[in-house]
Amino acid sequence: KKIYHTNGNYIPIPELKDYRTGNLSGNNCDTFTHHLNICKQAIEGKLDNKNVWNKWAEEIWIPYCKDSNPWDKFVKDYYLCDFVDENRLPISFVVGRNNANQIGIQNGDSEETILATLERCIEFIIKRNYRIEKDIKDNTIDEKYREYCAYKSKFLLENKII
């Protein structure tokens, strides 16, 4: 819970005056991946039946839509490099789900899958928090692995996680 409420977990979903944010939750799914999929579709102009999200895209993402690769720019600008695969498709937070499969944890999932999913979520959030604090918008975290590991340990200690 403490890690969940850090910068690394907030996807850029603004409130627009006179517009509800829209249906942010999916149906029994990994909602962060669900949000990223909606963002990607809106930026690419492929979002159907989501009027509020399309209005949000018009208001917020006009600069991205003028870019030659608007989704890639969005991913970099919002420090989401670790949340997408090599093809820039959103990664499922749930371990064992392929690509952007949004199906959440199911009753039949093993304890190992659940624990690995929690670890993955924590890692994603801490990495994004690190990117935001250090203003790292590209794929350079692996090059600074030692520095990131020290950051992660300090982050976990300061938030009394370990």
Checklist entry - Could you go step by step and tell me if N69 and K73 meet the side chain to side chain contact (heavy atoms under 4.5 Å, CB included) rule? => result CA-CA 6 Å; N69 192 341; K73 182 170 175 33; over 6 Å; no
Next on the checklist: As a quick check of understanding, evaluate side chain to side chain contact (heavy atoms under 4.5 Å, CB included) for V84 and K40, giving each step before the final call.
Outcome noted: CA-CA 11 Å; V84 296; K40 185 175 188 310; over 6 Å; no
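In this structure, K134 and E147 approach most closely via the heavy-atom pair CE-OE2, 3.7 Å. Residue F124 comes nearest to F83 through the heavy atom pair O-CZ, 3.5 Å, listed as atom of the first residue, atom of the second, then distance. The two residues S92 and R120 come nearest to each other via the heavy atoms O-NH1, 2.8 Å. The two residues R128 and L80 have their closest heavy-atom pair at NE-CD2, 3.4 Å.
The aromatic rings of F74 and Y78 lie tilted to each other, with the angle between the two planes from 30° to 60°. In this pair, Y148 and Y130 present their aromatic rings perpendicular. The plane angle is above 60°, beyond the 30 to 60° band.
In N107, the CG atom is not crowded: 12 or fewer heavy atoms of neighbouring residues, nucleotides or ligands sit closer than 6.0 Å.
No side-chain donor-acceptor contact under 3.5 Å links N129 and Y79.
In this structure, T117 OG1 and E112 CD are separated by 11.0 Å, a value rounded to the nearest 0.5 Å. Of the inter-residue distances, the one linking T113 atom OG1 with R97 atom CZ reads 7.5 Å to the nearest 0.5 angstrom. The CG atom of L115 lies 11.5 Å from the CG atom of D109; values are rounded to the nearest 0.5 Å. Atom CD1 of I126 sits about 4.0 Å away from atom CG of L156, to the nearest 0.5 Å. In this structure, CG in L36 is found 12.0 Å from CZ in R88, a value given to the nearest 0.5 Å.
Although no hydrogens or angles enter the test, the distance criterion places a donor-acceptor pair under 3.5 Å between the side chain of D85 and the main chain of N87.
Hydrophobic clustering, with ILVMFWY side chains joined whenever heavy atoms are under 4.5 angstrom apart, keeps L118 apart from V95.
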